[in-house]
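Data block below; observations after.
Computation of the quantities below employed the complete heavy-atom set of this structure, encompassing side-chain atoms and omitting hydrogens, waters and symmetry-equivalent molecules.
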Amino acid sequence: MEYCRFYYCASLILSISGLVFPVMVGSIGINYGQIANNLPAPDNVVPLVKSIGATKVKLYDADPRVLKAFANTGVEFIVGLGNEYLSKMRDPEKAQAWVKTNVQAYLPATKITCITIGNEVLTFNDTGLTDNLIPAMQNIHTALVNLGLDKQVSVTTAHSLAILEVSYPPSAGSFRKDLVGCITPILNFHAKTNSPFLINAYPFFAYKSNPKQISLDFVLFQPNQGIVDSKSNFHYDNMLFAQIDAVHSALASLGYSKLPVHISETGWPSKGDADEVGATLENAKKYNGNLLKIICQRKGTPMRPNTDFNIYVFALFNENMKPGPASERNYGLFKPDGTPAYSLGISGTDAVSANTTTTTGAPAPPSPDSSSTGYLSISAAVKVSPCLLCGAFTFDVFVVVSCT
């Protein structure tokens, strides 16, 4: 009975969404995290994802339950291979076995288009992880080539903005000198395999660190005077675009100006602890709602005005088992029962309640051949950049937005 009600309500959301905000339909993607013990079964998540017009989903693992549930839906998937698996992937045979089990086995029914190898590896200050990253990326790519899948599945890794040494003004963006030796081989890999460079960017933490000096309107995409880059003379009316262009400048400084930059993580919590300034439902609504609208206007950054975005915002659900401050458990667009955490102003989802069949107890463990969830905390390793304006921070999480 619960199962039937869920599908009925999700279908109603889909109908309303198309009528109220048709431009958004087919353009939104979602990051599907599962650090919770009260989430719907994956089969029940399919209609919820479709109800908001999502076309892309990112996982931090290769959960077989999810990949099977979304078979023949047309939804594109990014699957992840956790940091703890990097050393094993130095073995070409293990890399090929992983690809066969976690990617090839679900194609073409489930549309897997990308594999992320590790997350924010370079800013963990772990030599072992860093040394294993490129070999793992290369071996996974070679496995895709051997299996004839390299043209449809790309390989990449996500970085924290803390890899930047200079982030303001955007035109002066540059990578940390101590990381250039590690980053350059990664950039070579991207250039050779035509894969994107992924960056995690969170204006929320920049504002939280210094709310007296940073304009809330500037980080929430609200009307404001903005800033002017004195070197390029470009005008920025929001922090995220300044962050993105700082990355573009850093890439150009090493000779990789043509590499596509995708924002693999960004978002805003709807609730936080007393000392988490700005973590409110209203601010989350403004940040994510305004972001989705801007992306679907195909409005690029000042430095790349004609470039369509691939931005991933966290997250599909609030996740009640994530450790750390309250904000960690309140990044979701939806509550575990399928009701919206707040209205984004882009569809009728805020008017509909969806009862769900939940998964009880702890999250189901991954299969022996799958990656783990790959992330537990988005603020545990926060590193504040010297430039508060552009906010170089370390994190993990994910909603995918793309208007292709």
Side-chain angles (χ1 to χ4, degrees), residues 31-35 58-63 77-92 94-99 101-103 112-144 153-164 175-176 178-190 192-193 195-202 247 259 261-266 312 314 366 369-383 392-398 400:
N31 177 30
Y32 183 1
Q34 300 182 73
I35 309 299
K58 179 185 177 295
L59 300 176
Y60 285 91
D61 58 7
D63 188 333
F77 268 83
I78 295 177
V79 297
L81 189 148
N83 292 352
E84 68 273 27
Y85 287 83
L86 297 187
S87 60
K88 295 180 180 179
M89 295 305 109
R90 292 188 71 108
D91 182 337
K94 290 182 179 179
Q96 182 138 330
W98 188 91
V99 172
T101 300
N102 296 283
V103 178
I112 300 172
T113 60
C114 183
I115 304 169
T116 56
I117 310 299
N119 189 58
E120 300 188 343
V121 170
L122 300 186
T123 45
F124 271 99
N125 296 319
D126 185 322
T127 304
L129 281 179
T130 301
D131 291 345
N132 289 327
L133 180 57
I134 273 293
M137 293 176 69
Q138 292 172 333
N139 285 343
I140 291 294
H141 176 71
T142 298
L144 290 169
V153 183
S154 63
V155 175
T156 186
T157 186
H159 306 279
S160 162
L161 270 180
I163 63 174
L164 295 184
F175 293 113
R176 280 170 41 185
D178 63 311
L179 294 180
V180 170
C182 301
I183 292 173
T184 302
I186 294 174
L187 301 183
N188 283 332
F189 175 87
H190 290 313
K192 291 178 180 178
T193 63
S195 55
F197 186 78
L198 304 187
I199 278 285
N200 301 336
Y202 287 83
V247 174
L259 280 186
V261 175
H262 295 179
I263 308 306
S264 43
E265 299 178 10
T266 192
Y312 301 76
F314 188 71
D369 296 315
S370 174
S371 301
S372 72
T373 51
Y375 80 106
L376 282 176
S377 172
I378 57 176
S379 63
V382 172
K383 177 178 180 180
F393 300 102
T394 302
F395 281 44
D396 316 313
V397 283
F398 236 107
V400 181

Say you draw a straight line from CG of Leu133 to CE of Met89; how long is it, rounded to the nearest 0.5 Å?
-> 13.0 Å
So CZ of Phe175 and SG of Cys182: to nearest 0.5 Å the spacing works out to 12.0 Å
When you measure from the side chain of Asn200 to the backbone N and O of Ser160, does any donor-acceptor pair fall under 3.5 Å?
-> no
Roughly how far apart are Asn102 CG and Ile115 CD1, rounded to 0.5 Å?
-> 8.5 Å
For Ile199 and Leu161, which heavy atoms make the closest approach, and how far apart are they?
-> CG2-CD2, 3.7 Å
Cationic tip of Lys192 within the cone over Phe189's six-membered ring, i.e. under 6.0 Å and within 45° of the normal?
-> no
Starting from the C-alpha separation in whole Å, work towards a yes-or-no answer on side-chain contact (heavy atoms from CB on, under 4.5 Å) for Thr266 and Phe314.
-> CA-CA 6 Å; Thr266 192; Phe314 188 71; over 6 Å; no
Heavy atoms, side chains only, cut-off 4.5 Å: are His159 and Thr123 in contact?
-> no
Nearest non-hydrogen partners of Asn119 and Asn83, listed with the distance = N-OD1, 2.7 Å
Asp126, Thr130, Leu129 screened by side-chain contact (heavy atoms from CB on, under 4.5 Å) with Leu86, the one that passes = Leu129
Please report the closest heavy-atom contact between Thr157 and His190, naming both atoms and the distance.
-> N-CE1, 4.4 Å
Between His262 and Tyr312, what is the ring plane arrangement, given parallel below 30°, perpendicular above 60°, and tilted in between?
-> tilted
